[in-house]
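What follows is a short report on a single structure.
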Amino acid sequence: MRIKLLAIFFSLLLGSCALNKQVFIANNCEFPINSPYPGGVLSTEITNRKFNENEEIVAEGLKSFICKYSFNNYKVFVPIPLDFKKTRIEIKQGNNLLNSIEVLKKNYRESRITISNEEYVSPSKDLLPRIREEYELSQKAKNTVSALKIKNWEMTIPVQGLMSSEFGVRRFINNEPRNRHSGMDIAAPEGTEVITPLSGEVIISSNFFYKGNVIYVNHGAGLVSSYSHLSKLEVKKGDKIKTGDIIGLVGQTGRVTGPHLHWEVYLMGVPINPEVFLVTSNL
Ligand SMILES: [Zn+2]
């Protein structure tokens, strides 16, 4: 009986000490840079405000989390979906309004491409189960949130080349409207090395119908990135990789119009402009 009571006591104690899952500890919280527009990340400092680390933050129903970089110094990050329509985001904790921030407008351009391989425009029925399965696998990968400790989310460019299509572009394939461009395209010759811009763990290394040879990397704390259309995969699922490690080679596998890297970054499952994780771009 006494043991049972002790067990209950300790579980209550542990429960009350458990940190809010939204709080992540880092060396600095400079990245992603404050980019309060659809497809960007709102980043706001919490200073001189009554702030309870254990109480959840609410931001217009959007996912959010807290980056803690030193004692009593925090930033709140709110990844903003591309289709977000409101003009302000109020950040609250309980009844306490922490901040109210204007959402900036961003004009994304249109892009029209022609794909002549009909199989990639309207795939045949027998390909649909494969496409659905790969869609589900990528959805699961994008939404990975592991409690890995993050140090700093500053990224390096994964491949040297020319940015051929930026994030968020409104795309038309053979004049039909398609999903917004959820990544950044960097054109480079086939065989150019692709490195991981940040350390993490490989969660997918496979061949998908649209993405071709593709790698997904979990960087921890809700940050995931992916690399598509590779000619060669140099890592496998479960590999732990460090910033700068070669993960594959540029190619033109899957639905493409030429050799390039399609690079995606997800924060809490929300596609984000990779540029907000870069200090200076060589593109
Ligand atoms: Zn792309």
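Residue numbers run from 1 in the order of the sequence given. Computed from a predicted structure; not experimentally measured. Whatever order the structure lists ligands and atoms in, that order sets their numbers, starting from 1.
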Residue list, ring pair (Phe, Tyr, Trp, His ring centres under 6.0 Å) with F31, at least two apart or on another chain: none

Parallel, tilted or perpendicular, as decided by the 30° and 60° cut-offs, for the rings of F208 and Y216: tilted

Spacing of I89 atom CD1 and S100 atom OG [to the nearest 0.5 Å]: 9.5 Å

Angular separation of D185 OD1 and H181 NE2 about the Zn ion (ligand 1), given to 10°: 100°

Metal proximity, H260 vs the Zn ion (ligand 1), N/O/S cut-off 2.8 Å: no

Considering only N, O or S atoms of H262, the one closest to the Zn ion (ligand 1): ND1

E134 bridged to R130 by N-O distance under 4.0 Å: yes

